[in-house]
Amino acid sequence: MINNKTNYRVPVLTIAGSDSSGGAGIQADLKTFSALKTFGMSVITAITAQNTRGVFAVEEISKEIIKKQIEVIFEDIHPKALKIGMVSSPDIIKQIADTLSKYEVNNLVIDPVMISKSGYSLLRTEAKENLIKYLIPMAYIITPNTMEAEEITGIHIENLEDMKEAAKKLLELGPKYVLVKGGHLDGDAVDLLMGDGVCELFESKRLDRKNTHGTGCTLSSAIVTQLAHGYDVKEAVGNSKNYITKAIENSFDIGHGIGPVHHFYEFDKGGN
Ligand SMILES: Nc1ncnc2c1ncn2[C@@H]1O[C@H](COP(=O)(O)OP(=O)(O)OP(=O)(O)O)[C@@H](O)[C@H]1O
Ligand SMILES: Cc1ncc(CO)c(N)n1
């Protein structure tokens with residue numbers, strides 16, 4: 001994953017919510033960006049009071065300062081790839097879409113975050129429509145888990161065939177690619193990539209680990225880094241699946257609930 005394509009100075013951006021406990025959200029994104037040798041930047045959309053046991057409160061950031069954060073970044077350091085994670089309200093979603101539409105946006109990864117592992121809603125019910133109408137069509141790739149794919153398409157997902165049906169319906173909303181993550185189904189952890197003539201599975205053994213806080217954020221951020229380094233979509237997803245699998249394998253107990261995955265900061269692999 002680190003080779004002559006690696007450029008430690010390549011700028012990448014996350015537009016997402018803060019997780020005070022550092023396992024998910026902006027914090028997971030920035031850790032992944034650093035571990036995978038990119039220069040991470042952030043636009044914070046909401047502050048969550050969160051730990052390994054759950055989400056206890058959420059305060060949304062004003063849409064004016066969200067807009068300003070995006071503008072000053074794009075007018076100074078143009079990100080080579082970016083992701084959007086938690087965006088909780090219809091107004092924030094519209095603001096982000098309007099602001100991004102003023103710039104050339106490359107390699108937009110959308111992780112349509114809806115519910116935390118502990119069951120707290122991170123997307124207001126009335127925000128789903130704007131997510132579908134304004135943001136998803138702008139994406140290069142969207143990365144819903146099966147519950148999010150169900151919520152957006154209305155298709156009940158129990159197996160791979162259902163995942164394929166849902167992926168086809170998600171593609172009709174306008175993104176170039178869809179990665180439906182099968183982490184919540186029984187059996188092996190199988191993710192399905194579909195779009196632009198591609199239909200490919202990315203599989204790993206299901207790891208029996210309790211500490212999976214931040215898996216979705218980490219996977220989508222890893223995809224951002226690999227696209228920024230110049231990998232094509234299949235390589236980007238494959239490398240990122242390897243990264244999240246190792247990160248889950250090495251996840252650890254910290255706090256009293258669902259602990260975080262591990263990030264790898266080797267300082268010895270060269271690069272430039
Ligand atoms: N127990 C597991 N063993 C191996 N891989 C897993 C496991 N759980 C999830 N994964 C993988 O982790 C990645 C993230 O998937 P997951 O379905 O957990 O995302 P998510 O629900 O969006 O996460 P989050 O709750 O952080 O938002 C996928 O590649 C999935 O296959
Ligand atoms: C801020 C934030 N974003 C995303 C997730 C993923 O569930 C989370 N738990 N918290």
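In each ligand, atom 1 is the first atom listed, and ligand 1 is the first ligand listed. Both backbone and side-chain heavy atoms feed into the values below; hydrogens, waters and symmetry mates do not.
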* Under 6.0 Å from the NZ atom of K102, do we count more than 12 heavy atoms belonging to anything else shown? -> yes

* Starting from the C-alpha separation in whole Å, work towards a yes-or-no answer on side chain to side chain donor-acceptor pair (under 3.5 Å) for K117 and T215. => CA-CA 10 Å; K117 284 243 151 64; T215 49; 2.9 Å; yes

Top protein contact for [atom], by heavy-atom distance:
atom: atom 4 (C) of ligand 2; answer: C217 SG, 3.6 Å
atom: atom 5 (N) of ligand 1; answer: A189 CB, 3.3 Å
atom: atom 21 (O) of ligand 1; answer: H184 NE2, 2.5 Å
atom: atom 1 (C) of ligand 2; answer: G17 O, 3.4 Å
atom: atom 3 (N) of ligand 2; answer: G25 CA, 3.7 Å
atom: atom 18 (O) of ligand 1; answer: T215 OG1, 2.9 Å
atom: atom 9 (C) of ligand 1; answer: G183 CA, 3.8 Å
atom: atom 19 (O) of ligand 1; answer: K181 NZ, 3.5 Å
atom: atom 26 (O) of ligand 1; answer: G216 N, 3.0 Å

* Any N or O on E148 sitting closer than 3.5 Å to an N or O of ligand 1? ->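 Looking only at distances, the answer is no, because the N/O contact criterion of under 3.5 Å is not met.
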
* Taking both backbone and side-chain atoms of K117, is any N or O found less than 3.5 Å from an N or O belonging to ligand 1? ->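 K117 vs ligand 1: N/O contact under 3.5 Å present.
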
* Asked: Taking the non-hydrogen atoms of G85, is any one of them nearer than 4.0 angstrom to ligand 2?
  ->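 Flag not set, G85 not near ligand 2.
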
Indicate whether any N or O donor in one side chain lies under 3.5 Å from an N or O acceptor in the other, for [X] and [Y].
X: T45; Y: E60; value: no
X: D19; Y: H213; value: yes
X: S240; Y: Q226; value: no

Are [X] and [Y] close enough for a salt bridge, meaning some N to O gap below 4.0 Å?
X: K210; Y: D253; result: yes
X: D91; Y: R124; result: no
X: K246; Y: E249; result: no
X: E172; Y: K169; result: no
X: D188; Y: K205; result: yes

Considering only heavy atoms from C-beta outward, does the side chain of [X] approach that of [Y] to under 4.5 Å?
X: L179; Y: I223; answer: yes
X: K164; Y: M194; answer: yes
X: D191; Y: K241; answer: yes

Are [X] and ligand 1 in contact, using a heavy-atom cut-off of under 4.0 Å?
X: T245; answer: no
X: V113; answer: no
X: K205; answer: yes
X: R206; answer: yes

* Is it the side chain (CB and beyond), the backbone, both or neither of S18 that lies under 4.0 Å from ligand 2, heavy atoms counted? -> backbone

* To do: Determine whether the side chain, the backbone, both or neither of L122 has a heavy atom under 4.0 Å from any heavy atom of ligand 2.
  => side chain

Nearest to [atom] by heavy atom, [options]: which?
atom: atom 3 (N) of ligand 1; options: L207, L122, I248, L179; result: L207
atom: atom 10 (N) of ligand 2; options: Q50, M86, Q27; result: Q50
atom: atom 30 (C) of ligand 1; options: D188, D208, T146, D191; result: D191

* Applying the 4.5 Å side-chain criterion to the ILVMFWY set and letting contacts propagate, would L201 and I248 be lumped into a single cluster? ->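 In one cluster: yes.
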
At less than 4.0 angstrom from any non-hydrogen atom of [X], what atoms of ligand 1 do you find?
X: K241; answer: 29 (O), 30 (C), 31 (O)
X: N145; answer: 17 (O), 20 (P), 21 (O), 22 (O)
X: G214; answer: 26 (O)

* Which atoms from ligand 2 have a heavy atom of S116 less than 4.0 Å away? ->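 Answer, ordered by atom number: 7 (O), 9 (N).
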
* Asked: Would S220 and I110 count as a side-chain contact (heavy atoms from CB on, under 4.5 Å) if you check the C-alpha gap in whole Å, the side-chain angles of each, and the deciding distance to 0.1 Å?
  -> CA-CA 8 Å; S220 55; I110 296 185; over 6 Å; no

